[in-house]
Structure formats: C-alpha cells, structure tokens
2 protein chains.
Amino acid sequence: MTPAVGPSRSQPATLSDVARLAGVSIATASKALNGRTQVRAETRQRVIEAAERLAFRPNQLARGLLVGRSGTVGLLTSDLEGRFSIPILMGAEDAFGAGEVAVFLCDARGDAIREQHHVRALLGRRVDGLIVVGSRTDPRPSLGRELPVPVVYAYAPSDDPDDLSIVPDSVDAGRIAVEHLLACGRTRIAHITGDPGYLAAQERAEGALTALADAGLAPVGEPRFGAWSEGWGRAATALLLDRHPDLDAVLCGSDQIARGVMDVLRERGHRVPEDVAVMGFDNWQVLTAASRPPLTSVDMNLEQVGRAAAHALFGAIGGVRHSGVETVRCRVVIRGSTAPLS
Amino acid sequence: MTPAVGPSRSQPATLSDVARLAGVSIATASKALNGRTQVRAETRQRVIEAAERLAFRPNQLARGLLVGRSGTVGLLTSDLEGRFSIPILMGAEDAFGAGEVAVFLCDARGDAIREQHHVRALLGRRVDGLIVVGSRTDPRPSLGRELPVPVVYAYAPSDDPDDLSIVPDSVDAGRIAVEHLLACGRTRIAHITGDPGYLAAQERAEGALTALADAGLAPVGEPRFGAWSEGWGRAATALLLDRHPDLDAVLCGSDQIARGVMDVLRERGHRVPEDVAVMGFDNWQVLTAASRPPLTSVDMNLEQVGRAAAHALFGAIGGVRHSGVETVRCRVVIRGSTAPLS
DNA sequence: TAGCTTTCAGAAAGCCTTTTCGGTTTCTTT
DNA sequence: AAAGAAACCGAAAAGGCTTTCTGAAAGCTA
C-alpha cells in the first residue's frame with residue numbers, strides 16, 4: 001500500500017457552472033436539462049453540451065430538499081447473514097433500482113436498540129419509506145404507528161394488524177408440497193420438520209395435514225419436530241424407518257433436513273425416488289443441486305416477497321395505504337428426488 | 001389487505017419549529033443543539049426540550065448540502081446472492097454503521113452497464129465514497145481515475161494498480177492449510193480444487209505447493225482442478241484413490257468439494273480423520289457444521305476484508321489516499337475432520 | 001459614571017436546485 | 001407599421017440547516 005498525494009479532486013460541477021458555460025441563466029439551464037418547455041431547441045442543445053462537458057450531475061440533496069422527497073428508502077434487516085433476508089433484499093433492491101429510488105441498507109443484528117437507532121438515522125436522512133425484513137415468519141414488534149413515513153414488513157409480519165406485511169404463504173406451501181407427492185402416486189407420507197418454535201414449521205405441517213386429510217389420507221406417524229439440521233434429519237429418519245418401513249415419501253421441513261433424510265435412506269438401502277420420494281423446503285440451490293439425486297423443494301419466492309414489499313411501499317408513499325398481512329404463494333421446484341411411482 | 005385512509009402524516013419538525021417553540025432564533029436553536037458555545041445554559045436547555053417535544057431530527061439533506069458532505073457511501077456489489085459478497089458487505093456496514101455514515105446498497109448483477117448506471121446515480125446523490133465488492137478474487141475493470149470521490153475495491157481487486165484494493169491472501173491461505181495438515185503429522189497430501197479459471201484456485205494451489213516444498217515434500221499427484229461442486233469432489237476422489245490409496249490427507253479447494261470427498265472416502269471405507277484428514281476452504285457454516293465429522297476449513301475473514309475496506313475509504317475521504325493491493329490474512333478453523341495421527 | 005470587556009442572541013449569507021412569474025424579444029396579422 | 005400573440009429567458013424565492021458577523025446587554029474597572 002503506497003501513500004500518495006491525491007490529485008486534488010475538483011468539486012463536482014453545479015448547475016450554475018453549466019449555465020455560465022452555456023451563457024444562460026441558471027433557470028434556463030435547469031429547464032433545458034429537465035426537458036421542460038419554454039426553451040428554444042438550440043439553447044437547450046447548448047446547455048446539454050455544456051452539462052456533458054462538465055460531467056454535470058444534478059445534486060439530489062438539493063433537489064430532495066426542494067421537492068420534499070429524498071427518493072430514498074430504508075431497508076432494515078435483522079440479520080444480513082441469514083439466507084432468507086438476502087433474496088428479499090434483492091427483490092426489493094431490484095424493484096426500486098429500476099427507478100429513481102436508492103436504498104439505504106441497515107442491519108440491526110436482531111438488536112432492538114440498534115434497530116431504533118437505525119430508524120432514527122434513516123428518518124434524519126428523510127427516507128420516503130421503510131421496509132423491515134425479518135429472518136423468520138413469526139410476527140415481530142411493530143415499529144409503531146407514529147412514524148412520519150410508511151413502513152412495510154417483509155417475511156416477518158408486524159404484530160400490529162394495522163401495519164402492512166408481506167409474507168410467504170406457509171400453509172399453502174405445505175399443501176402444495178403434499179399435493180405434489182400425491183400426484184406422484186405416494187400415499188404413505190411422513191413429515192419430518194424443524195424447530196416447533198417456528199411458526200413456519202407449524203404452518204407447513206398444518207397445510208400438509210390438511211392436504212392429506214382432503215385426500216382421505218393420514219400421515220405416516222405424527223409430524224416430527226426437531227431442528228433445522230441434517231443431524232436431526234438423520235436421527236428422525238432412523239426412528240421413522242424402524243416404526244414404518246413401508247413409507248413411500250418423506251416431506252422434510254427444510255432442505256438440510258432432507259439431505260440428512262436421504263443419507264440415511266440410502267444407507268439403509270432405500271432407493272430415492274423409486275422406493276421413497278423426498279422433498280424439502282426453501283429450495284436452497286447449494287443443497288438441492290448437490291444432493292443425490294437433486295432434491296425437489298418448495299421455493300418461497302422470496303424475491304417476489306421483496307418486490308411485492310417494494311411495490312406496496314411505493315404505493316404507500318404515493319398515498320395508497322393498506323394494512324393487514326398479504327401472502328405470496330410458494331411454488332414446487334421438481335427435481336430428481338420425487339417421481340411418479342411406476 | 002384493507003385499503004384505508006391514512007392518518008395525514010404530519011411533516012417532520014424543522015429547526016424553525018423548534019426555535020419558535022423555544023422562543024429563540026433558528027441560529028440560536030442550531031447552536032444550542034449542536035453543543036456550540038455562545039449559548040446560555042438555560043437557553044440551551046429550553047431549546048433541547050423544545051426539540052425533544054417536537055421529536056426534531058435535523059434534516060441531513062440540508063446539512064449535507066451545506067457542509068458539502070452527505071455522510072453516505074455507496075456499496076456496489078456485483079452479486080448479492082453470492083455468498084462471498086454478503087460477509088464483506090456486513091463488515092463494511094458494520095464499520096460504517098457505528099458512526100454517522102449511511103450506506104447505499106446497489107447490486108449491478110455483474111452487468112457493466114448497470115454498474116455504470118449505479119455509479120452515476122450514486123454520484124448524483126453525492127456519496128462521499130464508494131466500495132466496490134466483487135464475487136471472486138480475479139481482478140476486475142477499474143471504475144476509472146476520474147471519479148470525484150475515493151473508491152476502494154474489496155475481494156475483487158481493480159486492474160488499475162493506482163486504485164486501492166483489499167483482498168484475502170489466497171497464497172498464504174494455501175500455505176497455512178498445508179501447514180496445519182503437516183502439524184497433524186500428515187505427509188501424503190493431495191489437493192483437489194475447483195475451476196482453474198479462478199485466480200483463487202491457482203493461488204491457493206501455489207501456496208499449498210510452496211508449503212509442501214518448504215517441508216521437503218511433494219504432493220500426492222498433481223493438484224486436480226475441476227469445479228467447485230460436490231460432484232467434482234466425489235469424482236476426483238474416486239480417481240485419486242485408485243491411483244494413490246496410501247494418501248493420508250486431502251486439501252480441498254472449497255467446502256463443497258470437501259463434502260464430496262468425504263462422502264466417497266467414507267463409502268470406500270476410509271475413516272476421517274483417522275486414516276485421511278480432510279480440509280476445505282471458505283468455512284461455510286452450513287456445510288462445515290453439517291458434515292460428518294465437522295469440517296476443518298480455511299476462513300477468508302471476509303468480514304474483516306469489508307471492515308478494512310470501510311476504514312480505508314474513511315481514510316481516503318479524510319484525504320489519506322493509498323493505492324495498491326492490500327491483503328488480509330486467512331485463518332484455519334479446526335474441526336473434527338483433521339486430527340493428529342496417533 | 002464613563003469606558004471597557006465579556007457574554008449571549010439574532011440577522012443574513014450560503015449550499016444547489018426547481019419553479020413561478022414577470023419581462024423582453026420575435027413573429028403574425030391586418 | 002403598429003399592435004397583439006407567442007416564444008423565450010432570467011430574477012427571485014423556497015427548502016432546512018450552519019456559520020459568521022454584528023449588535024445588544026450585562027458585568028467589570030477606575
């Protein structure tokens with residue numbers, strides 16, 4: 001690393017620089033560059049060339065100060081490392097980035113104090129709105145109703161029904177998963193899932209049981225709750241096979257669990273998917289693609305959750321306020337671990 | 001989702017509101033709130049209470065306009081989904097978030113056009129600096145020297161040596177990995193790694209070979225390049241065992257490869273770590289923790305890369321300009337897959 | 001009490017842009 | 001050619017804040 005004397009960075013050009021170079025007033029320069037009428041085409045051209053030459057970029061701070069909207073939104077996440085926040089964040093960034101909106105990223109690390117701090121800082125910067133991204137689908141404390149800007153909660157809904165939240169439809173996710181297995185001709189279906197303290201685990205199980213009941217079936221054993229890990233998948237499968245060696249499908253609460261399940265199935269001589277179909281949740285590429293065979297999984301469409309949140313916020317900024325919990329449907333991504341019974 | 005008429009969101013309080021409530025001029029109010037002298041303690045107190053009552057938050061847009069610094073930086077990433085960008089991003093966000101700086105997040109999706117677009121937008125918002133985060137350690141095109149604000153490149157260095165880049169030390173990473181295996185008493189070490197088009201793969205291999213040579217050893221077979229996948233790990237291991245059944249350690253270019261390697265080793269009856277030690281790169285928790293046994297891996301300290309980038313940018317904004325490539329050392333995280341030979 | 005310093009408050013300029021509105025020039029029209 | 005219309009341009013204000021500089025009041029000394 002070599003210290004060096006920087007080239008004196010010249011201040012960025014201002015509108016008055018452009019106006020001076022083009023030989024017009026500031027007002028005319030502004031109108032020319034903003035495509036407004038009341039400027040002769042020839043004059044406009046001169047201004048545009050001047051702006052070009054000076055690499056002029058209008059100062060958004062000044063514009064924001066004037067028009068009362070900063071053109072920025074705050075994205076408040078509770079855990080950047082969490083793999084659920086990122087796709088949502090991408091979707092939101094995507095939906096905004098296309099337009100004229102820039103996104104402030106803040107990570108509260110699950111700490112309410114830090115979150116409060118970030119909210120204050122963002123309000124000081126006059127963001128036009130806020131998206132709060134959670135890391136699990138359980139409700140989280142509302143930021144309150146007294147904020148001067150609209151707020152949309154994504155993935156983790158607010159506990160205040162008066163707020164607007166966008167979440168994946170976990171109940172439906174459980175249902176469509178079972179329906180896929182039924183469509184493959186499976187009838188002896190078990191469910192191994194994760195931490196019972198997670199609403200997502202409960203809701204998926206609920207949806208799955210409903211779909212089974214609708215088909216006049218009962219699950220093979222009760223749904224088994226445990227942890228979101230491969231280890232639990234392995235342990236639960238071992239127990240399950242001892243009691244119900246005749247099962248023909250296992251619906252897993254996560255892709256990690258599914259990997260553990262598949263490992264034990266293979267070790268015990270059950271073929272996937274010929275003997276037993278296996279299916280996961282989350283559609284986490286690195287796991288679904290690498291497993292043998294590739295794993296069918298339910299994708300939560302998190303990017304779409306992010307985009308929907310961005311659009312809702314956009315609407316709210318425009319004055320269209322909504323409230324309640326809006327759900328986004330999940331989808332089954334079919335791979336080799338599920339196939340019709342031949 | 002229920003449409004509703006929003007409560008008319010009151011405009012945030014301004015300094016002049018505070019001044020009026022406190023019965024002073026806005027100049028005095030400003031000085032009182034900013035802890036400047038020339039204000040009687042009693043007056044200051046009155047102003048502070050007024051500000052409190054109105055929930056006054058100074059408008060950073062106005063302040064930025066005035067002082068010529070916005071207190072914001074742009075974080076330009078090329079792939080948000082990439083698992084390498086995120087920790088760096090966290091580190092940077094962390095280093096800034098503590099202070100008075102807010103971070104604009106932009107994802108260019110690996111598209112140069114979009115990147116250029118984002119740079120322009122950020123400059124329009126008068127960011128004080130830019131951090132460019134890449135998704136692999138190969139050099140990337142510089143944004144150019146003509147930017148009005150300092151730029152720091154993280155993970156992927158700039159191809160212009162006059163820019164400042166912060167990257168993990170991949171050569172050293174290869175070296176310390178081998179040194180760990182040597183310290184475990186291993187001497188017949190093979191290297192299975194990923195895509196040879198990645199500089200990281202080349203440099204890690206180089207460091208590994210150097211460390212072996214320094215110990216007077218040669219690798220078991222040549223380093224095998226392939227893909228960063230479990231499948232390649234499995235395939236390469238099968239080939240390797242056929243030719244060199246006597247090896248006692250495999251250094252893998254990634255955790256994914258390592259998982260494939262361990263699977264095949266186990267299937268063929270080699271115990272890990274008793275017979276063969278296995279070690280990966282990236283220290284990706286979900287893989288290292290779930291494998292059997294837990295995987296020893298080299299952590300690239302990416303958060304530290306992000307923090308270092310943020311600090312460097314901070315310095316550059318303050319006028320201390322550096323250039324060249326600065327490296328951050330990696331570290332070995334020891335788990336069950338490597339152990340001393342007994 | 002006159003003259004000095006010290007302490008504190010406020011007026012005003014400035015940051016950069018947009019927009020309104022009044023003023024000047026050019027073009028039509030009869 | 002003169003009046004009216006149209007086209008074009010610029011002065012100025014506004015937005016919220018910080019800072020400098022001026023002014024006033026209070027406290028001090030002789």
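Values below: all heavy atoms of this structure, side chains included; hydrogens, waters and symmetry mates excluded. Labels below follow one simple rule: chain letters A, B, ... track the order of the sequence lines, proteins then strands, and each chain is numbered from 1.
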Spacing between [X] atom [atom1] and [N] atom [atom2], to the nearest angstrom:
| X | N | atom1 | atom2 | value |
| --- | --- | --- | --- | --- |
| A:R69 | D:dA14 | CZ | P | 22 Å |
| A:R44 | D:dG10 | CZ | P | 14 Å |
| A:I26 | C:dT18 | CD1 | C1' | 11 Å |
| B:Q60 | D:dT18 | CD | C1' | 12 Å |
| A:L61 | C:dT17 | CG | C1' | 11 Å |
| B:Q11 | D:dA14 | CD | C1' | 14 Å |

Nearest listed nucleotide, side chain of [X], among [options]:
| X | options | answer |
| --- | --- | --- |
| A:Q38 | D:dC9, D:dG16, D:dT19 | D:dC9 |
| A:A62 | D:dA14, D:dG16, C:dC16 | C:dC16 |
| A:R40 | D:dT18, C:dG10, D:dC9 | D:dC9 |
| A:L66 | C:dC16, D:dG15, C:dA9 | D:dG15 |
| A:K31 | C:dC21, D:dC17, C:dA9 | C:dC21 |
| B:S25 | D:dC17, C:dA11, D:dG10 | C:dA11 |

### Query
Taking all atoms of both residues into account, what is the closest heavy-atom pair of A:L80 and B:I86, and its distance?
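Smallest interatomic distance, heavy atoms only, reads O-CG2, 3.5 Å.
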### Task
Using a cut-off of 6.0 Å, state whether more than 12 heavy atoms not belonging to B:Q45 lie near its atom CD.
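Counting neighbours around CD of B:Q45, more than 12 heavy atoms of other residues, nucleotides or ligands fall under 6.0 Å, so yes.
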So [X], base contact, sugar-phosphate only, or nothing? Heavy-atom distance under 4.0 Å.
| X | value |
| --- | --- |
| A:T37 | nothing |
| A:V24 | sugar-phosphate |
| B:T14 | sugar-phosphate |

### Task
Kindly indicate, with the supporting measurements, whether the criterion side chain to side chain contact (heavy atoms under 4.5 Å, CB included) is fulfilled by B:I166 and B:V152.
CA-CA 8 Å; B:I166 315 269; B:V152 175; 3.9 Å; yes
### Task
Give a yes or no on whether the backbone of B:L199 and the side-chain of B:D138 come within a donor-acceptor separation of less than 3.5 Å.
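Between the backbone of B:L199 and the side chain of B:D138 there is a qualifying donor-acceptor contact (under 3.5 Å).
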